[in-house]
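Computation of the quantities below employed the complete heavy-atom set of this structure, encompassing side-chain atoms and omitting hydrogens, waters and symmetry-equivalent molecules.
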Protein chains: 2
Amino acid sequence: MQSDSGDLRLSAQVTSLVRSLHGEVLERLRDFIVEGNILPGARIPERLLCDRFGISRTPLREALKVLASEGLVELLPNRGARVRLIDGQELVELFDVMGCLEALAGRLACEKITPGEFDAIERLHHEMYGHYLQRNLHGYFACNQAIHDRIVLAADNATLRATYTNFAGRLRRVRYAANLDADRDRWGEAMREHEEILDALRRRAGDALSDILFRHLRNKRRAAVHRETETLLCNATLTATKR
Amino acid sequence: MQSDSGDLRLSAQVTSLVRSLHGEVLERLRDFIVEGNILPGARIPERLLCDRFGISRTPLREALKVLASEGLVELLPNRGARVRLIDGQELVELFDVMGCLEALAGRLACEKITPGEFDAIERLHHEMYGHYLQRNLHGYFACNQAIHDRIVLAADNATLRATYTNFAGRLRRVRYAANLDADRDRWGEAMREHEEILDALRRRAGDALSDILFRHLRNKRRAAVHRETETLLCNATLTATKR
DNA sequence: TCGGATGAAATTGCATTCATTTTTTTGGCG
DNA sequence: CGCCAAAAAAATGAATGCAATTTCATCCGA
């Protein structure tokens, strides 16, 4: 009655969250939130979501509990769930953790990457460079993310992959893409960093790649936090509800 | 009727998992598992746990879903939850992720640690050294863990702290403490590494501390995996139930 | 008109119930 | 005696029900 489903993507966290209403709802709700369909801080009545997904409250509540443990939503006792709003402080924290995960991924990737995987990344890099030259922000970001994802994949560490996916989801809720639009310098800098990344990966220089990736994320953060603090302040006053 | 409670420890993951039957059960069950009270791979009948905690299945099942997302238990569709058994491969993965988290903690700690915090760690270090000289394994490990925890605390990054706590819990289920007992060389090596750690922290040398901590964990891993693969193989045949 | 109290409606937390699937037991047969 | 099929028992997944809490609307007095 409610939905088709057939989406075979695995749960971000653990493969054991199997096909079931609960697992189904978990993914759909996570995507729904990550894609920014609910305003941070806004109350989410269970009933509404139940209707939306065509299920009863039990599996929905289970999903909410999991999303809370993932840090995407916030559970207030007797007052329901709301999308956690990420302030500047937390954004900084997230970027640092993300940076260390990427740094590890880079290091491991240098140990384990196959020539085929490297070639794929190299192609993505050149494609990304094309987008950069054409000032195609959307294409640029798609390639960018694909590259980082593939480095994580090449690291061949399922635990790292799951953790990375989790944090990527949290960060994705915060749109920092637009920054490059206004900040051409940062865009150029990012592109140069990616040249370094590719070079270190080619040389299988784990230490160097690890360093570059961590710096890369810190620079990303610097660019992101600027703009984000403003919009967050705005959001906070607009959507944060009374306690 | 069922339990007192009054344990004020916060949830490992997010502070929003508040006082409620669900939150209560979540923590108790997590501790119960982390402390190794359930054999990995053994089936855990819901009813049994419900009786044990004196609650109905609803909050228990919510807790199980969360623990599954944390990677502590495994949910098989229609076949209940069981404690995930961590094989050698995953152990390696966990140590690497743990190493990168500790490395980040060390780097951040160098930026933020207060003299008071450093002094406390230094005292712990000397206490640990005393235990080492006396071959007091238990005391040694308590100090060791306290030091690592305090470095993470000093890093002043709640997101990192939560993630670290999660992984520490997963690893804690795997007893690798006994290794040092048989492997005196490793014990000495670990002690020397800790000297380096303290030294780098004193100098607030973030890069160096980060490196040392990562290496430290890799060495820990090397020592752990040896022994663990054997016991795991044993466990697997003993407790892994038929599918 | 504003602020606060009061009661109704809605929402949440948890227990219980029901349908489905799995596991165990039982019985038949080789 | 062992092996497979079928029925009974148990366990799980999800929906519903109910008590407790919160939220919202209304009313009263200043």
Side-chain angles (χ1 to χ4, degrees), chain A residues 1-5 11 14-29 38-39 41-69 73-84 239-243, chain B residues 1-5 11 14-29 38-39 41-69 73-84 239-243:
Chain A
M1 165 151 294
Q2 70 273 27
S3 83
D4 49 315
S5 116
S11 151
V14 180
T15 59
S16 67
L17 294 175
V18 283
R19 280 309 108 194
S20 66
L21 249 186
H22 159 264
E24 178 76 17
V25 168
L26 178 56
E27 288 187 22
R28 294 217 287 155
L29 187 53
I38 308 180
L39 292 185
R43 187 169 190 173
I44 321 164
E46 292 180 0
R47 190 53 182 275
L48 212 89
L49 291 174
C50 287
D51 291 347
R52 182 166 230 298
F53 293 114
I55 55 165
S56 78
R57 285 174 52 217
T58 307
L60 180 89
R61 287 171 55 79
E62 290 172 352
L64 283 174
K65 297 286 194 296
V66 172
L67 293 179
S69 97
V73 307
E74 181 173 39
L75 261 34
L76 296 96
N78 289 314
R79 303 186 53 199
R82 44 196 74 195
V83 174
R84 247 163 73 84
T239 69
T241 57
K242 54 189 180 293
R243 300 282 155 119
Chain B
M1 166 151 294
Q2 70 273 26
S3 85
D4 50 314
S5 115
S11 149
V14 180
T15 59
S16 67
L17 293 175
V18 283
R19 279 309 108 194
S20 66
L21 249 186
H22 159 264
E24 178 77 17
V25 168
L26 178 57
E27 288 186 22
R28 294 218 285 154
L29 187 53
I38 308 180
L39 292 185
R43 189 169 190 172
I44 321 165
E46 293 180 0
R47 188 53 183 275
L48 213 89
L49 291 174
C50 288
D51 290 349
R52 182 167 231 297
F53 293 115
I55 55 166
S56 79
R57 284 175 54 219
T58 307
L60 180 87
R61 287 171 55 79
E62 289 171 351
L64 282 174
K65 298 285 193 297
V66 172
L67 292 179
S69 97
V73 307
E74 184 173 35
L75 260 35
L76 295 97
N78 290 311
R79 304 189 52 199
R82 46 197 73 195
V83 173
R84 245 161 74 83
T239 70
T241 57
K242 55 189 180 296
R243 299 279 154 119

Practice problem: Can you tell me the distance, in whole Å, between the CG atom of A/L60 and the P atom of C/dG13? | Solution: 11 Å

Exercise. Of all the heavy-atom pairs spanning A/R57 and A/C50, show the shortest one and how long it is.
Key: CG-SG, 3.4 Å

Quiz item: To the nearest Å, how far apart are B/L48 CG and D/dA11 P?
Solution: 9 Å

Quiz item: Separation of B/I55 atom CD1 from C/dT16 atom P, in whole Å?
Solution: 12 Å

Quiz prompt | Spacing between A/H22 atom NE2 and C/dT20 atom C1', to the nearest angstrom | solution = 19 Å

Quiz item: Got B/S69 and A/S69 here, is their nearest side-chain heavy-atom distance under 4.5 Å?
Solution: yes

Quiz item: Rounded to the nearest 0.5 Å, how far does CG of A/L26 lie from NZ of A/K65?
Solution: 13.0 Å

Exercise. Look at the side chain of A/T58 and decide which nucleotide, out of D/dA14, C/dC14, D/dA15, has an atom nearest to it.
Key: D/dA15

Self-check item: A/L26 CG to D/dG13 C1', straight-line distance once rounded to whole Å
Solution: 15 Å

Exercise. For A/F53 and D/dG13, give me the distance from atom CZ to atom P, rounded to whole Å.
Key: 20 Å

Quiz item: With a 4.5 Å limit on heavy-atom distance, are the side chains of B/V83 and B/E74 in contact?
Solution: no

Quiz item: Are any non-hydrogen side-chain atoms of A/V25 and A/L49 less than 4.5 angstrom apart?
Solution: no

Quiz item: B/R82 has an atom CZ; how far is it from atom P of C/dT22, in whole Å?
Solution: 13 Å

Quiz item: Listed by chain and number, what are the side-chain contact (heavy atoms from CB on, under 4.5 Å) partners of B/R47, not counting sequence neighbours?
Solution: B/D51

Practice problem: Mark up nucleotides 7-12 of chain C, 5' to 3', with B wherever a protein heavy atom is under 4.0 angstrom from a base atom, S wherever such an atom reaches only the sugar-phosphate, and - elsewhere. | Solution: ----SB

